[in-house]
There are 4 protein chains.
Amino acid sequence: MPDAMPKPSATGRGTTDKRAAILDAALELFVELGFHGTAVPLLAKRAGVGAGTIYRYFENKEALVNVLYGEWKEKLATHLLSGFSPGGEPKAQFMGLWRRMSDFAAQYPTAYAFIEIHHHAAYLDAAAHEVEQRYLQMAVMYIQNAQAEGKYRDGPPEVLWSLVEGAFIGLARFSRGGRLELTPEVIEFSGNAAWELVRRR
Amino acid sequence: MPDAMPKPSATGRGTTDKRAAILDAALELFVELGFHGTAVPLLAKRAGVGAGTIYRYFENKEALVNVLYGEWKEKLATHLLSGFSPGGEPKAQFMGLWRRMSDFAAQYPTAYAFIEIHHHAAYLDAAAHEVEQRYLQMAVMYIQNAQAEGKYRDGPPEVLWSLVEGAFIGLARFSRGGRLELTPEVIEFSGNAAWELVRRR
Amino acid sequence: MPDAMPKPSATGRGTTDKRAAILDAALELFVELGFHGTAVPLLAKRAGVGAGTIYRYFENKEALVNVLYGEWKEKLATHLLSGFSPGGEPKAQFMGLWRRMSDFAAQYPTAYAFIEIHHHAAYLDAAAHEVEQRYLQMAVMYIQNAQAEGKYRDGPPEVLWSLVEGAFIGLARFSRGGRLELTPEVIEFSGNAAWELVRRR
Amino acid sequence: MPDAMPKPSATGRGTTDKRAAILDAALELFVELGFHGTAVPLLAKRAGVGAGTIYRYFENKEALVNVLYGEWKEKLATHLLSGFSPGGEPKAQFMGLWRRMSDFAAQYPTAYAFIEIHHHAAYLDAAAHEVEQRYLQMAVMYIQNAQAEGKYRDGPPEVLWSLVEGAFIGLARFSRGGRLELTPEVIEFSGNAAWELVRRR
DNA sequence: CATGAATGAGTTTTCATTCAT
DNA sequence: TATGAATGAAAACTCATTCAT
């Protein structure tokens, strides 16, 4: 068991290279082959490191997938929150959210797929579930606020969020199939449609 | 390799018992633990058969998951198609579809989860992909017809369908979490919202 | 464990059919795939009987191979002995032996291969080894007699027999390859050569 | 599937130790128990390595037996060819060949038994069959040359070789039984007898 | 620090044998 | 008496993890 594992935010660079390479390789392979379907030696090879090296950065395979989940879900949350302006046109606000989701899915398609696929895996630990919880709460609060201001359709906010996020996941899945690119036009079109899911009428 | 594998549609009953027990156990465990995360002996135990028995009914584990996928996706397609009336009020038609999706997900929650989770797994074979294709084509044709009749929003039908199905998947996922039941009220509420995704305005 | 197993020399025929079919199938498959390489269900299929039926005639797979070995080695010994005339021209006597070996190998090529291949297998039991012993003793006595009468080369009779039998086995193996038939000409030619192995000069 | 399997001709020593240990153990056990009769864990134990280690050196059990066959048959061919002088007394030449066969069988009795036993096993691959072919061609050419020079008996060279090699195999089998040692006297005696198989008269 | 060869526990799969029919 | 579906013990093989270098 490594005594002091190199942290991701190390200052010196170089130390972190391998950790990042491992995480990147894991992201790809876990999406492609699944967690249990990915052998550590293969992962090591894809990352360009020795198999043993992985265990210098992560306690074991399970820890690795949990770190991966936590980091990316956090990153997604941060991304969605960034540039969020509380007041303003409700539709513009929604479209902003939809665009940020799209940005993220377009920029990190594998990471978005990873998050989506692993959202309820048996090997996710308490920490990962907590990140998950906070993410959902954030979303729910967003909806509740908009409902409180009379902008959004009434109803259980979790349900509304499930529909909106689900719709986006459907779009992202389809674009992952390679038969659709997330162009600005597609994003506008789908965002406009999704807006109707939530808007009060 | 079994020479003549017992078929599902056996006449005499009893022949099919074990096959069905294996499929049921696999459904549960593949959802719970994933395909690679499910060991065959565990599967056998859950099905109440010997480990070797599984190989009398399925060539190997991969064949098993593919049969499972094919059968359930087919069942879903049949279910969605059943009671579909071509002409009629567009919204009523949509709500009918949404209700049938809900029926299915409520009646077979594990199967619906299974289908949703495995939709693009590396171990699905050509036959499974074909079932998948036909399913999508069916959906696309439905959307196209409605668009042609001027009832639905214009735009790529696959995108519209991705949004609608995604929204429903989001709902189903959330209900699987145990914090929401798919009551008629929830179904009406969500269906009304989802209808807005597609309706022309 | 069958109480009274049907014997090979049953009078009524019919009873023996299956036993014979099993032995025939086993002969072929043990030569083709080896003893451990032959699965009992395959054997059953080739014999045209149910897998369980094999256990009505033989205690287990090992007993089967031992019966097979014993019966065929005995049959070979009987065949070689038949028509053996103690006095007479030594070369004619040798050629008679060589011809009878050839007859046997030509008439029962699979059985001859089986005997040859299994001559020292780990799963042969005491009874089979005893048959083996008697066979060798018979051969040795034949050689010793001929030596005593001054017709054969001096030297360890087992060695002489090993050379002669080995030479024939070499021939039989080659003919099994399909590139040579054991025609009367080939038998005469090889017998003449083999005769030189043993003849006194 | 190992990516880069350690090769036999490694420079640094030590690399090859385990590979050699595995091959040696396999040689013994395949002769003793047969290919299908030898379980990999037993093989590993005999070789003093972990079961998994075998798969670092050989793709599977079948590859192992094929490498074994190829290496030893090649070694036998090389040994028989070594010190072969084209011109010279025909009998001396034959006796030289017989002695080299004996040397080999005496020095590597298990390997000789292995080669002999596996000469036509179902699991030998194309490469092994090719080695086999080349070996036979070599033998045939040797006989043909001697025939062309009028030293050997006329007749199909493959048949003559089958008789000679068969005779030697008979001798080797018998000596393996433990009741005969391949002493120089036995080799001379048997060689003299075998010479009569082929010599022209 | 980094490695990758080595491992044995655990996986998938096979198969000799049994037994209900 | 004959069967072949069912089985679990044992086979072949994989892989997460360790550790000597």
Side-chain angles (χ1 to χ4, degrees), chain A residues 1-2 6 14-15 18 36-45 48-64, chain B residues 1-6 14-15 17-19 36-45 48-62 64, chain C residues 1-2 4 6 14-15 18 36-45 48-62 64, chain D residues 1-6 14-15 17-19 36-45 48-62 64:
Chain A
M1 210 175 308
T15 322
K18 284 180 204 262
H36 288 297
T38 300
V40 174
L42 176 65
L43 177 47
K45 195 182 174 185
V49 304
T53 304
I54 288 171
Y55 292 84
R56 307 206 127 271
Y57 290 93
F58 305 95
E59 198 158 335
N60 52 37
K61 203 183 165 190
E62 212 166 302
L64 169 54
Chain B
M1 207 177 311
D3 243 324
M5 272 177 194
T15 322
D17 276 6
K18 283 181 207 264
R19 195 189 125 102
H36 289 298
T38 301
V40 172
L42 176 64
L43 177 46
K45 197 178 176 184
V49 303
T53 303
I54 288 170
Y55 292 86
R56 294 194 56 75
Y57 289 91
F58 304 96
E59 197 156 336
N60 51 38
K61 205 183 161 191
E62 211 165 303
L64 169 55
Chain C
M1 211 175 307
T15 323
K18 284 182 204 260
H36 288 298
T38 300
V40 173
L42 175 66
L43 178 47
K45 195 183 174 186
V49 303
T53 304
I54 288 171
Y55 291 85
R56 307 207 127 271
Y57 290 92
F58 305 95
E59 197 159 335
N60 52 37
K61 203 183 165 191
E62 211 166 303
L64 168 55
Chain D
M1 207 177 310
D3 244 323
M5 273 178 192
T15 321
D17 275 8
K18 281 178 208 269
R19 195 187 125 103
H36 288 298
T38 301
V40 172
L42 176 65
L43 177 46
K45 198 178 177 184
V49 303
T53 303
I54 287 170
Y55 293 87
R56 295 194 56 74
Y57 289 92
F58 304 96
E59 198 157 334
N60 51 39
K61 205 183 160 190
E62 212 165 303
L64 169 54

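Sequence lines set the chain letters: A, B, ... in the order given, protein chains first and strands last, and positions in each chain run from 1.
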Rounded to whole angstrom units, what separation is found between the [atom1] atom of [X] and the [atom2] atom of [N]?
X       : N      : atom1 : atom2 : answer
A:Ile54 : F:dT18 : CD1   : C1'   : 14 Å
A:Lys61 : F:dT17 : NZ    : C1'   : 12 Å
B:Phe58 : E:dT13 : CZ    : C1'   : 16 Å
B:Leu64 : E:dT13 : CG    : C1'   : 14 Å
B:Lys45 : F:dG8  : NZ    : P     : 12 Å
C:His36 : E:dA16 : NE2   : P     : 10 Å
D:Asp17 : E:dA5  : CG    : C1'   : 13 Å
D:Asn60 : F:dT14 : CG    : P     : 8 Å

Counter-base of E:dT21, judged by Watson-Crick or G-U geometry with both distances under 3.5 Å: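 Per the H-bond distance test, F:dA2.
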Partner nucleotide, any strand, of E:dA16 [Watson-Crick/G-U, under 3.5 Å]: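 Base-paired to F:dT7.
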Side-chain N,O (C:Tyr55) to OP1/OP2 (E:dC19) below 4.0 Å: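 For C:Tyr55, the contact criterion (side-chain N or O under 4.0 Å from OP1 or OP2 of E:dC19) is not met.
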A:Lys18 side chain near E:dT3 phosphate (N/O to OP1/OP2, under 4.0 Å):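 Checking E:dT3 against A:Lys18, a side-chain N or O does come within under 4.0 Å of OP1 or OP2.
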Nearest-nucleotide 5' precedence on DNA chain E, C:Ala39 against B:Glu62: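 The residue whose closest nucleotide sits nearer the 5' end is B:Glu62.
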To the nearest 0.5 Å, what is the distance between [atom1] ([X]) and [atom2] ([Y])?
X       : Y       : atom1 : atom2 : value
A:Lys18 : A:Arg56 : NZ    : CZ    : 11.0 Å
C:His36 : C:Glu62 : NE2   : CD    : 7.5 Å
D:Lys61 : D:Ile54 : NZ    : CD1   : 10.0 Å

First encountered from the 5' end of DNA chain F, between D:Ala51 and C:Gly48: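 Looking at DNA chain F, the more 5' nearest nucleotide goes with C:Gly48.
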Nearest-nucleotide comparison on DNA chain F, the residue closer to the 5′ end among B:Val49 and D:Thr38: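 The 5'-side residue here is B:Val49.
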Pair of N/O donor and acceptor under 3.5 Å linking E:dA5 base with D:Arg56 side chain: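 Per atom types, no contact qualifies.
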Proximity to the side chain of C:Thr53 - top-ranked nucleotide from E:dT12, F:dA12, F:dA2: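 Closest nucleotide among those given: F:dA2.
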Touch class at under 4.0 angstrom, heavy-atom based, for D:Val40 against every strand present: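 Sugar-phosphate, backbone atoms only, no base.
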Side chain to side chain, C:Leu64 and C:Val40, heavy atoms closer than 4.5 Å: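 They are not in side-chain contact.
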